[in-house]
Amino acid sequence: MSTSPHVPDSPALEGLEAKFTARWEGEGTYRFDRTRPRDAVYAIDTPPPTVSGSLHVGHVFSYTHTDLVARFQRMRGREVFYPMGWDDNGLPTERRVQNYFGVRCDPSLPYDPAFQPPDTPGKQPIAVSRPNFIELCVRLTVEDEKVFEHLWKHLGLSIDWSMTYATIAKPSQRVSQLAFLRLLARGEAYQLEAPTLWDIDFKTAVAQAELEDREMPGAYHRLAFRKASGEGVVEIDTTRPELLAACVALVAHPDDARYQPLFGTAVHTPLFKAQVPIVAHPLADPEKGSGIAMICTFGDITDVTWWRELKLPVRAVIQANGTLGPVTWGSAGWESADAVAAQAAYDPLVGLSAKKAQAKVVELLTASGDLLAPPRPITHHVKFYEKGDRPLEIVTSRQWFFRTIAHREGLLARGRELQWHPEYMRARYENWVNGLNGDWCVSRQRFFGVPFPVWYGVRADGAIDYERRMVPAESQLPIDPSTDVPAGFTEAQRGQPGGFVGDPDIMDTWATSSVSPQIVCGWDQDLDLMARTFPMDLRPQAHDIIRTWLFSTVLRAHLEHDSLPWRHAGISGWVLDPDRKKMSKSKGNVVTPMGLLQEYGSDGVRYWAARGGPGVDTAFDVGQMKIGRRLAMKLLNASKFVLGREAESGAITAPVDLALLSALADLVDEATSALEAYEYTRALDRTEAFFWSFCDDYLELVKSRRYGDHGPEAAASANAAMRLTLSVLVRLFAPYLPFVTDEVWSWWQSGSVHRAPWPTAAEVRAAAPVAGDAMALAVAIEVTTALRRAKSEAKVGMKAGIARAVVRDTAERLAAFEQVRSDVCAAGNVRELVTEAGDRLAVEVVFEPVAGATA
RNA sequence: GCGCGCUUGGCUCAGCGGUAGAGCACCGCCUUCACACGGCGGGGGUCCUAGGUUCGAAUCCUAGAGCGCGCACCA
């Protein structure tokens with residue numbers, strides 16, 4: 001193992017990234033050995049970064065956390081399965097490809113194998129088929145991926161780069177479609193025409209997980225509904241008068257004495273004179289507004305609940321583009337006591353957006369006298385698509401769903417089974433699962449993504465027959481139903497009566513991301529790999545996507561494998577800017593990761609990241625990076641000192657050396673158990689504190705002895721102890737500072753430190769014949785510090801000679817001191833040292849005359 | 001509204017039942033012999049508040065405040 005050291009004259013950090021990146025790649029240091037059995041493997045489900053974005057310090061932060069664990073596990077002897085993925089699926093890539101190549105996707109077009117985009121995008125976008133569009137995406141993202149890979153390598157991520165995947169590539173599409181077909185066969189996936197949350201700008205359904213609430217101004221409008229039988233009105237408050245035409249009932253709480261007499265009676269809507277019943281439902285809040293509300297199809301998800309549970313009819317007015325659609329009053333479903341007046345009131349609203357329609361309706365209600373008071377402004381929370389600009393509407397459409405509600409208890413149990421780091425992040429998952437209010441809508445009316453592998457028959461009259469559903473054989477996957485043809489049909493029959501059409505939708509990106517373990521582990525494809533890697537060990541990710549990525553991945557494994565997808569979830573926090581706000585690109589904060597890595601060194605930046613504990617939001621702080629860089633520098637210099645002399649071999653016998661090794665053994669135990677518990681910050685903290693004391697106290701105490709001032713045996717003891725300690729410390733630091741540690745390791749050891757065995761306390765104790773006396777080392781350090789203080793107060797250099805020192809302390813501590821007396825005197829340059837009994841440590845000194853002072 | 005986290009020196013944080021800690025910043029001192037990309041020494045804190053448990057509380061319990069976050073907030 002140990003060879004004669006080759007220590008550079010002036011060690012430097014510069015250039016270590018390039019040197020070791022190349023060496024690790026050449027030697028295959030991080031290559032996954034797939035012959036190892038499952039319990040010798042540590043499998044990590046790495047988050048695939050979105051390639052159409054750019055990497056920022058937040059990525060550097062959380063990916064470093066993962067790498068710390070990977071490196072620790074590898075040194076512990078586990079074969080680390082650590083592939084990297086690229087997320088090129090979804091809207092951001094869709095937009096980027098459109099602009100870059102000057103194309104737009106038209107799923108109705110056939111695939112053109114010869115298509116090439118123009119060199120420069122034209123003014124008019126060229127329409128291309130979905131498969132052509134996806135080809136362009138893959139082509140563009142390959143370039144992005146190179147940049148990302150270079151940064152990750154420079155940061156020192158110990159990834160096996162021979163195993164990368166892309167979420168839009170064929171293998172991922174295959175897994176995604178296969179998993180869908182399996183769910184479909186078992187009834188866990190189903191299609192339904194139902195009211196769904198809908199973004200009117202993107203013109204697609206969205207899922208609960210993609211919603212966010214925003215505070216918006218609104219206003220209560222008090223409207224008068226005339227009772228159908230006789231005189232009197234019912235007053236209701238609404239924030240959405242523009243939906244009056246869609247009103248199908250009024251609702252109050254069943255216990256509300258004010259409205260109990262009205263249950264079962266009916267009223268007429270203002271303007272449209274539609275007769276609607278007054279019904280009771282416990283969701284109605286007597287405290288809100290007038291205590292009785294109008295139910296519209298559909299103003300919000302409560303309306304959907306009321307509509308479903310009270311079995312009310314549908315009168316939909318909001319269209320997919322967010323405008324009000326045409327209605328024929330008096331026709332079936334649109335009955336009115338005065339159809340002519342209703343039509344006259346409604347017609348001006350057709351084609352208006354909700355906002356414009358509201359102003360018009362208010363105008364009409366004011367004129368008719370049904371608006372009982374001026375609108376009362378309020379602010380309230382409105383649901384938005386997280387990427388959207390206008391409030392979501394609820395539009396009835398045909399969508400695919402995965403069952404979640406039926407599995408709520410099972411999913412909660414999975415959450416308890418999963419080991420969370422930190423533990424308290426489980427609460428977020430439970431909040432989310434308990435708050436689920438519907439099955440997961442997984443279809444999107446977009447172009448770029450994984451298509452549903454489904455075709456439908458076309459009836460003789462040209463209508464799509466959704467009951468006649470056709471799916472491909474599993475062996476055919478992946479397919480694109482917009483260009484592939486179901487068995488027994490020809491392309492000529494596409495869209496023809498008696499023929500077929502493909503399902504036009506694509507899957508939610510989370511529907512593909514949620515099978516990342518199945519993609520990387522070779523589910524249904526590479527059964528050997530699957531058996532060695534699944535269920536995986538660790539899912540690392542940030543806390544903001546617990547409800548999306550983490551939740552959906554747990555769901556998919558629960559449904560497909562009846563297991564967790566991984567045993568541990570390591571949750572990273574966010575990087576906050578110095579003002580404690582979430583760091584974001586829009587802030588104009590142009591700190592590029594590569595710039596930081598170059599300025600502070602990858603080890604320095606990693607040090608900063610490692611100081612951010614699991615789940616903890618952490619301030620962006622170049623000060624910490626500087627400290628990390630200084631630590632790396634110190635490691636170089638301390639190693640140079642320790643290895644700088646030919647070591648006399650010999651037993652470790654000196655009390656100071658034995659005490660050091662005892663403390664070192666304890667450190668190894670503490671760091672190891674901390675890392676096993678994913679407490680990488682604590683392990684670093686302890687190792688770092690030990691290392692600085694090793695440098696500042698221990699090395700100073702033994703410096704003279706190791707130079708041979710007290711004989712060869714004393715020197716051999718010091719040399720052996722400091723070399724063993726250095727070997728252990730370098731290995732303890734290796735996950736954090738992979739570059740400088742491998743550099744130092746290469747001076748005297750063969751092979752990479754990253755494949756070296758993780759140190760053990762047993763290894764350290766085996767080198768020391770007897771246990772060290774911790775008090776001896778402690779007293780040595782305290783006396784040395786007191787001598788330094790005396791020199792500092794006397795404003796003399798640390799090398800100044802002390803003619804005579806008196807050390808006073810308790811008998812027990814003085815006895816311990818005798819073991820370390822010679823080392824302390826050497827370190828303090830003390831000529832004569834006497835001890836006296838006392839009740840606590842006190843040191844007095846007399847300095848030697850300074851040579852030049854009297855001349 | 002429900003839940004989670006945080007609150008310790010100027011700053012960033014560790015400690016989580018036994019005499020208040022680190023780094024940075026600050027002040028002073030020290031350069032041939034591992035390191036000035038440095039070293040040594042020093043000053044600085046009623047550990048958010050109020051109760052309680054305990055021989056003993058920064059640490060455990062209860063209540064509250066402030067900050068941050070998650071979920072739900074629907075007429």
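Order of the sequence lines sets the chain letters (A, B, ...), proteins ahead of strands, with each chain counted from 1.
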What contact category does Lys791(A) fall into here, base, sugar-phosphate, or nothing, at under 4.0 angstrom with non-hydrogen atoms? nothing
Nearest of G41(B), A14(B), A34(B) to any side-chain atom of Arg686(A)? A14(B)
If only side-chain N and O atoms of Lys288(A) are considered, is one of them under 4.0 Å from the OP1 or OP2 phosphate oxygen of C74(B)? yes
Side chains of Tyr698(A) and Asp657(A): do they bring a donor and an acceptor to under 3.5 Å? yes
Counting side-chain heavy atoms from C-beta on, which of G23(B), C13(B), C40(B) comes nearest to Arg611(A)? C13(B)
Using 4.0 Å as the upper bound for N to carboxylate O, is an ion pair formed by Arg788(A) and Asp697(A)? yes
Establish, with yes or no, whether the OP1 or OP2 oxygen of C71(B) is under 4.0 angstrom from a side-chain nitrogen or oxygen of Arg547(A). yes
Listed nucleotide nearest any side-chain atom of Trp432(A), set C24(B), A72(B), A34(B): A72(B)
Counting only side-chain nitrogens and oxygens, does Gln208(A) get under 4.0 Å of the OP1 or OP2 atom of A72(B)? yes
If you check every side-chain atom of Asp300(A), which of A34(B), G3(B), C74(B) has the closest atom? C74(B)
Roughly how many Å apart are U53(B) and G10(B), using the P atom of each and rounding to a whole number? 33 Å
Under 4.0 Å from OP1 or OP2 of C73(B): is there any side-chain N or O of Lys383(A) that close? yes
Distance, C1' atom - from C11(B) to C55(B), rounded to whole angstrom: 38 Å
What's the closest nucleotide to the Asp285(A) side chain, out of C37(B), C40(B), C74(B)? C74(B)
According to the Watson-Crick and G-U wobble definitions, with both distances under 3.5 Å, which nucleotide is paired to C29(B)? G39(B)
Base-pairing assignment for A65(B) (Watson-Crick or G-U wobble, both under 3.5 Å): U7(B)
Indicate, with a heavy-atom threshold strictly under 4.0 Å, whether Cys695(A) touches base, sugar-phosphate, or nothing. base
Could you tell me how far C67(B) sits from U62(B) if I compare only their P atoms? Round to whole Å. 23 Å
Mind checking if Met294(A) touches a base, just sugar-phosphate, or nothing, with heavy atoms under 4.0 Å? nothing
Given C74(B), C13(B), A14(B), the nucleotide with the shortest approach to the side chain of Thr302(A): C74(B)
With a cut-off of less than 4.0 Å, is there a side-chain N or O of Thr785(A) near OP1 or OP2 of G41(B)? yes
Interatomic distance at P, C24(B) relative to A72(B), whole Å: 45 Å
Establish, with yes or no, whether the OP1 or OP2 oxygen of C40(B) is under 4.0 angstrom from a side-chain nitrogen or oxygen of Lys799(A). no
Which base sits across from G45(B) as a Watson-Crick or G-U pair, both distances under 3.5 Å? none
Are Arg547(A) and Trp510(A) in a cation-pi contact, defined as NZ or CZ under 6.0 Å from the six-membered ring centre and within 45° of the axis? no
Length of the line joining Asn431(A):CG and G1(B):C1', which is rounded to integer Å: 13 Å
Integer angstrom distance from the P of C27(B) to that of C16(B): 34 Å
Taking 4.0 angstrom as the limit, do Glu14(A) and Arg629(A) come out as a salt bridge? yes
Which nucleotide in the set C37(B), C40(B), C35(B) lies at the smallest distance from any side-chain heavy atom of Ser792(A)? C40(B)
Using the P atom on both, measure C4(B) against C61(B) and round to a whole Å. 12 Å
In whole Å, what separates the C1' atom of U49(B) from that of G66(B)? 11 Å
Remember a base hit wins even if backbone is also touched, and classify Ala689(A) as base, sugar-phosphate or nothing at under 4.0 Å, heavy atoms. nothing
From the options C73(B), A34(B), G70(B), select the nucleotide whose nearest atom is closest to the side chain of Glu700(A). A34(B)
Between Tyr600(A) and Trp608(A), does the ring centroid distance fall short of 6.0 Å? no
If you check the Asn637(A) side chain, which of C37(B), C35(B), C73(B) turns out closest? C35(B)
Identified pairing partner of G18(B), criterion: Watson-Crick or G-U wobble below 3.5 Å: C55(B)
With a 4.0 Å limit, can you tell me whether Arg630(A) has a side-chain N or O closer than that to the phosphate oxygens OP1/OP2 of C24(B)? yes
Cationic tip of Lys288(A) within the cone over Tyr220(A)'s six-membered ring, i.e. under 6.0 Å and within 45° of the normal? no
Distance check, P atoms only: U8(B) and U59(B), in whole angstrom units. 13 Å
Exercise: do Tyr607(A) and Glu688(A) side chains pair donor with acceptor under 3.5 Å: yes
Paired with C71(B) by Watson-Crick or G-U wobble geometry, both distances under 3.5 Å: which nucleotide is it? G1(B)
Salt-bridge test for Asp300(A) and Arg240(A): reply yes if a basic N is under 4.0 Å from a carboxylate O, no otherwise. no
Please report the distance, rounded to the nearest Å, between NE2 in His421(A) and P in C4(B). 20 Å
Indicate whether OP1 or OP2 belonging to C4(B) is found under 4.0 Å from a side-chain N or O atom of Arg426(A). no
Counting only side-chain heavy atoms from C-beta out, which of C4(B), G28(B), G41(B) sits nearest to Ala427(A)? C4(B)
